[in-house]
Engineer: 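I'd like to ask some things about the structure below.
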Amino acid sequence: MQEYYTLSNGVTIPKVGFGTWQTPSGEVAETSVATALEVGYRHLDTAAIYGNEESVGDAVRKSGIDRSELFITTKLWNDKRTYEEVYEAIQESLNKLQTTYIDLYLIHWPNPVAIRENWEGANAEAWRAIEDAYDKGIIRAIGVSNFRQHHLEALFKTARIKPMVNQIFYNPSDMQLDVVNFNNEHGILTEAYSPLGTGKIFEIAELNDIALRYEKTPAQIVLRWCLQNNILPLPKSVTESRIFENFQVFDFDLNDEDMALISSFAGQASEALNPDETQF
C-alpha cells in the first residue's frame, strides 16, 4: 500500500522514499533499487554526489514500471552554482537517470566551502536556473536540502517560486523542530534523511520495548513515528529483508503516549551537521 503527500504545487509524492546514500554504484545499487521497486516503493532518492544515478536509472529501466508511476529525486552538488553549471548538472542527471524529467530536484547543501564567501548570491543564481528548468517541465518539483531558517529566508529574497521540499537530517535523536516548524509555516514538506539515525537509534532500549509491544521492528516504529509527525522518511538499506520491512509501515498507528516517548529520545544517537561549518 502506498500513501501520498501533496506538495504546494499540487504534485503528489509517495510518503516513504527509498534512499541510496552510501549505496555503491553498479550491482549493489541496481539490485537494491530493483528490490525496493519489487517491494512496492515508487519514490527513489539519489544525488549527483552519490555516484549512483546511472545505476538507479538502470534499475528503473529494467523494472518495466511505467515512468509515470515513479517519483525520482536527485540533487545539485556543492561545486556547481552558476546558472550554466546548474543547467548542465540537471542535464547530466537526466542523462544518467535515463529519463526526460526529474520529479524533485534539490540544492544539496546551502553553504558549502566552495561558495562560503557568497553563499546567498550563489544559491540565488542556482535557484534561478532550477526555476527555469521547472518552468520548462524538466523538473516537476523543486526544493532544498540541509537548509536552516536563515538559508531559506535568504533564498526567499529573490526566489520566484518557494521550495516545495526541505530534506534534512531528522530522527528521534535530532528533530530540528525549529527548521520543521519554519518549513510548515511556508508550505514546505520536510523529508527525513537518516530517519533511523544511521543505525544508532536502535541502541535505545525503550525503542526496542515499544517495538515488542507493537510486534514491529524498531525501524518500523521510527518510520511510523515520522509519518505521524507528517514527515516523509527516506530509509536506506541494501539488505532485502530490511528493504521489505521498512516499507511495511502503513498498517498500524502509534498511540500518543508512545509518540511522545519516542520524541523524548533527543541526543541519544547522532545529530545533524551544522551546514555553515561543513568542510565540503
Engineer: Taking atom CZ of Arg128 as the centre, report whether more than 12 heavy atoms of other residues, nucleotides or ligands fall under 6.0 Å from it.
Structural biologist: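 More than 12 heavy atoms, drawn from other residues, nucleotides or ligands, come within 6.0 Å of this atom.
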
Engineer: Step by step, would you call Phe244 with Thr35 a side chain to side chain contact (heavy atoms under 4.5 Å, CB included)?
Structural biologist: CA-CA 8 Å; Phe244 175 80; Thr35 300; over 6 Å; no

Engineer: Can you name the nearest heavy-atom pair linking Asp253 to Gln228, along with the distance?
Structural biologist: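 What the structure gives for the nearest pair is CA-OE1, 3.4 Å.
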
Engineer: Between Ser173 and Lys200, is the side chain to side chain contact (heavy atoms under 4.5 Å, CB included) condition met? List the steps.
Structural biologist: CA-CA 9 Å; Ser173 183; Lys200 295 179 182 178; over 6 Å; no

Engineer: Decide whether His150 and Asp276 meet the rule of one side-chain donor and one side-chain acceptor closer than 3.5 Å.
Structural biologist: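 Side-chain D/A pair, His150 to Asp276: present.
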
Engineer: Between Asp66 and Glu69, is a side chain to side chain contact (heavy atoms under 4.5 Å, CB included) present by the stated rule, with each step listed?
Structural biologist: CA-CA 6 Å; Asp66 192 277; Glu69 295 182 28; 4.0 Å; yes

Engineer: Name the orientation class of the two ring planes belonging to Trp77 and Phe280 (parallel below 30°, tilted from 30 to 60°, perpendicular beyond 60°).
Structural biologist: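 Trp77 and Phe280: parallel rings.
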
Engineer: Is it true that Asp258 and Arg224 make a salt bridge, defined as a side-chain N closer than 4.0 Å to a carboxylate O?
Structural biologist: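 Looking at Arg224 together with Asp258, the answer is no, because their closest N to O distance does not fall below 4.0 Å.
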
Engineer: Using ring centroids (six-membered ring only for Trp), state whether Trp109 and Phe147 fall under 6.0 Å.
Structural biologist: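 Here the rings of Trp109 and Phe147 have centres that are no less than 6.0 Å from each other.
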
Engineer: Looking at Tyr101, is Arg67 sitting on its ring face, NZ or CZ under 6.0 Å from the six-membered ring centre and within 45 degrees of the normal?
Structural biologist: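 Relative to the ring axis of Tyr101, which defines the angle, Arg67 lies inside both limits.
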
Engineer: What class does the angle between the rings of Phe252 and Tyr214 fall in, given that below 30° is parallel, 30 to 60° is tilted and above 60° is perpendicular?
Structural biologist: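 Tilted: the ring planes of Phe252 and Tyr214 meet at 30° to 60°.
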
Engineer: So, are Lys80 and Glu88 salt-bridged, with charged N and O less than 4.0 Å apart?
Structural biologist: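 Salt bridge: no.
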
Engineer: Got a salt bridge between Asp178 and Arg148, using NZ or NE/NH1/NH2 to carboxylate O under 4.0 Å?
Structural biologist: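 No.
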
Engineer: Between Tyr193 and Ser145, what is the shortest heavy-atom contact and its length?
Structural biologist: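 Closest approach of Tyr193 to Ser145, heavy atoms only: CE2-OG, 4.4 Å.
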
Engineer: What's the shortest heavy-atom distance between Pro163 and Leu152, and which atoms?
Structural biologist: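 Pro163 and Leu152 have their closest heavy atoms at CG-CD2, 4.2 Å.
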
Engineer: Within a 6.0 Å radius of atom CG on Asp256, are there more than 12 heavy atoms belonging to other residues, nucleotides or ligands?
Structural biologist: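 Incorrect, the count does not exceed 12.
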
Engineer: Are any non-hydrogen side-chain atoms of Ile188 and Phe182 less than 4.5 angstrom apart?
Structural biologist: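 Sidechains of Phe182 and Ile188: no contact.
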
Engineer: Could you walk me through whether Lys96 and Glu92 pass salt bridge (charged side-chain N to carboxylate O under 4.0 Å, His left out), step by step?
Structural biologist: CA-CA 6 Å; Lys96 288 182 176 179; Glu92 186 175 346; 3.2 Å; yes

Engineer: Ignoring hydrogens and geometry beyond distance, is a side-chain donor-acceptor pair present between Tyr41 and Asn246 at under 3.5 Å?
Structural biologist: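 No, because no side-chain N or O of Tyr41 sits under 3.5 Å from a partner of the opposite role on Asn246.
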
Engineer: Show the nearest heavy-atom pair for residues Gly40 and Phe247, with the distance to one decimal.
Structural biologist: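 Heavy atoms only, the tightest pair is O-CZ, 3.3 Å.
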
Engineer: Please evaluate residues Ser194 and Tyr170 with respect to the criterion side chain to side chain contact (heavy atoms under 4.5 Å, CB included), reporting the C-alpha separation (whole Å), side-chain torsions for both, the decisive distance (0.1 Å), and the verdict.
Structural biologist: CA-CA 7 Å; Ser194 296; Tyr170 176 98; over 6 Å; no

Engineer: Cut-off 3.5 Å, side chains only: do Thr190 and Asn166 have a donor facing an acceptor?
Structural biologist: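 No, because no side-chain N or O of Thr190 sits under 3.5 Å from a partner of the opposite role on Asn166.
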
Engineer: Going from OG1 on Thr73 to NE2 on His43, what distance comes out if it is rounded to the nearest 0.5 angstrom?
Structural biologist: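 Going from the OG1 atom of Thr73 to the NE2 atom of His43 covers 3.5 Å.
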
Engineer: Give a yes or no on this: more than 12 heavy atoms of other residues, nucleotides or ligands lie within 6.0 Å of atom CD of Glu257.
Structural biologist: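 Counting other residues, nucleotides and ligands, CD of Glu257 stays at 12 neighbours or fewer.
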
Engineer: Is there a path of hydrophobic side-chain contacts, each under 4.5 Å between heavy atoms, that joins Ile49 and Leu94?
Structural biologist: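 Different hydrophobic clusters.
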
Engineer: Checking Tyr134 against Asn9: is there a side-chain donor and acceptor pair closer than 3.5 Å?
Structural biologist: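 Checked: Asn9/Tyr134 side chains pair up, N/O donor to acceptor below 3.5 Å.
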
Engineer: How many angstroms lie between CH2 in Trp225 and CD1 in Ile201, if you round to the nearest 0.5 Å?
Structural biologist: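 That separation rounds to 7.5 Å.
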
Engineer: Please check if Val60 and Ile102 belong to a single hydrophobic cluster, counting links between Ile, Leu, Val, Met, Phe, Trp and Tyr side chain heavy atoms closer than 4.5 Å.
Structural biologist: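 Yes: a chain of side-chain contacts under 4.5 Å links Val60 to Ile102.
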
Engineer: Can Arg116 and Thr278 be counted as having a side-chain donor-acceptor contact under 3.5 angstrom?
Structural biologist: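 Yes, Thr278 and Arg116 have a side-chain donor paired with an acceptor closer than 3.5 Å.
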
Engineer: I'd like a table of donor-acceptor pairs (distance under 3.5 Å, sequence neighbours excluded) in which one partner is a side-chain atom from residues 15-29, with atom names and distances.
Structural biologist:
from  : atom 1 : to    : atom 2 : distance (Å)
Thr20 : OG1    : Asp45 : O      : 2.7
Thr23 : OG1    : Thr20 : O      : 3.3

Engineer: Give a yes or no on whether a salt bridge exists between Glu30 and Lys62, defined as a side-chain N under 4.0 angstrom from a carboxylate O.
Structural biologist: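 Answer for the salt bridge query: yes.
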
Engineer: Please report the interatomic distance CG(Asp103) to CD1(Ile139), rounded to the nearest 0.5 Å.
Structural biologist: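 If I round to the nearest 0.5 Å, the distance is 10.5 Å.
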
Engineer: Would you say the side-chain atoms of Glu53 and Thr46 include a donor-acceptor pair closer than 3.5 Å?
Structural biologist: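 No, no side-chain donor-acceptor contact under 3.5 Å.
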
Engineer: Can you list everything that forms a salt bridge (Lys or Arg N to Asp or Glu O under 4.0 Å) with Arg61? Sequence neighbours excluded, please.
Structural biologist: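 Once residues adjacent in sequence are excluded, the partners of Arg61 under the salt bridge (Lys or Arg N to Asp or Glu O under 4.0 Å) criterion are Asp58.
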
Engineer: Rounded to the nearest 0.5 Å, what's the gap from CG on Asn208 to CZ on Phe202? Could you check?
Structural biologist: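 Here the rounded value is 9.0 Å.
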
Engineer: Provide the closest heavy-atom pair for Ile90 versus Ala133 in the form atom of the first, atom of the second, distance.
Structural biologist: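 Result for this residue pair: CD1-CB, 3.8 Å.
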
Engineer: Closest heavy-atom contact between Ile243 and Ala36?
Structural biologist: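 The answer is CG2-CA, 3.7 Å.
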
Engineer: Could you point out which residue of Ile204, Asp174, Asn171 forms a side chain to side chain contact (heavy atoms under 4.5 Å, CB included) with Phe265?
Structural biologist: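 Only match with Phe265 under side chain to side chain contact (heavy atoms under 4.5 Å, CB included): Ile204.
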
Engineer: Does Glu240 have more than 12 heavy atoms from other residues, nucleotides or ligands lying within 6.0 Å of its CD?
Structural biologist: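 No, the 6.0 Å shell around CD holds no more than 12 heavy atoms from other groups.
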
